[in-house]
Amino acid sequence: MAHAFTVITLFPEFVEAFAQVGLARKATSLGLLQLNTLNPRDFTHDARRTVDDVSYGGGPGMVMQVAPLRAAIRQARASLPEAHVIYLSPQGRRLVQADMAALLQCPQLVFVAGRYEGIDERVVMHDVDAEWSIGDYVLSGGELPAMVLMDGLIRLIPGVIGAPESAIAESFMDGLLDFPHYTRPEIIDGQPVPPVLLSGNHLAIARWRLREAVRRTLVRRPDLLEQASHPVEIAKIIREITTEISQKTDDRT
Ligand code: 4FL
């Protein structure tokens, strides 16, 4: 079943550029995704096509008005009756990889990208289904966060990326950082490729990659390992590498 994304944005050309490159282009060309934009400015009625106004309570910065945004969301919902409407903002829930797979279960998604100081809270409360953040930083608008989220989703749509040779080996790596990658030449500036990768021994290669993924995760992002429970195979590698690392530390003390 095809996926449909609509982005509500004051800068549709920004999002349309994204739709024309890489996997987004591939997904739309293959008919696996329909990607559209709606501009709240096209839902205004005054000569100036106003979409923003001053903030109640005062202070600098403008707020996106209810009416044009609500009319745009209403049209998006009319075209995509099953849509889940997502507002991107730093106040939203922090997005992680597992959320992407869950969000993709809904084939119709609408992304609301705010500009200025944000959107009127009554739109957040009454017109939006969920509020997501891509990280704890403030950008100049929600377009890049919407594109970050769409990019993460598009590569999960079946048929967009070629299926991995071993889905089982791949699934073991879930929740781990990636292993190191190498390509030709075999030696460059005296730096060789790890010999196991040239061995042709696919089982040895799979084991080495899993071990290196666990090693990197332990060193760089131990918080990722503390989270979920791990299959016994991974738990064993974690214990082995933890011991290996603590022994190295002991050697230096
Ligand atoms: C949205 C930042 C989601 C991080 C400004 C407007 C933002 C954002 N995640 N910054 N929207």
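Throughout, numbering of the chain's residues begins at 1 and tracks the sequence. As the structure is a prediction and not an experimental result, all values here were calculated from the model. One-based numbering, in listed order, for ligands and for the atoms of each.
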Legend entry - Contact check: Val138 vs ligand 1, nitrogen or oxygen atoms, below 3.5 angstrom: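 So ligand 1 has no N or O lying under 3.5 Å from an N or O of Val138.
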
Any idea which protein heavy atom is nearest [atom], and the distance to it?
atom: atom 5 (C) of ligand 1; result: Leu139 O, 3.0 Å
atom: atom 6 (C) of ligand 1; result: Gly141 C, 3.5 Å
atom: atom 7 (C) of ligand 1; result: Pro90 CD, 3.6 Å
atom: atom 2 (C) of ligand 1; result: Tyr137 O, 3.3 Å
atom: atom 9 (N) of ligand 1; result: Ile134 N, 3.0 Å

Inset, instruction - Tell me which part of Pro145 gets within contact of ligand 1: side chain, backbone, both or neither, using heavy atoms under 4.0 Å. - result: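 Near ligand 1, Pro145 shows its side chain, while the N, CA, C and O stay back.
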
Inset, instruction - Look at the aromatic rings of Tyr182 and Trp208 and report parallel, tilted or perpendicular, splitting at 30° and 60°. - result: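 Judged by the thresholds at 30° and 60°, the geometry between Tyr182 and Trp208 is tilted.
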
Legend entry - Qualifying residue for side-chain contact (heavy atoms from CB on, under 4.5 Å) with Leu109, from Val7, Leu80, Ile86: Ile86

Legend entry - Sub-4.0 Å atoms of ligand 1 with respect to non-hydrogen atoms of Gly135: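 What qualifies from ligand 1 is 4 (C).
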
Inset, instruction - Find all atoms of ligand 1 within a distance of less than 4.0 Å from any non-hydrogen atom belonging to Ser89, and give their numbers and elements. - result: 1 (C), 3 (C)

Legend entry - CG on Leu218 to CZ on Arg215, rounded to 0.5 Å: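 So the gap between those two atoms works out to 9.0 Å.
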
Would you call [X] and [Y] a salt bridge, using N to O less than 4.0 angstrom?
X: Glu233; Y: Lys236; result: no
X: Arg48; Y: Asp46; result: no
X: Arg74; Y: Asp127; result: no

Legend entry - Exercise: do Thr50 and Gln65 side chains pair donor with acceptor under 3.5 Å: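 There is no such pair between these side chains.
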
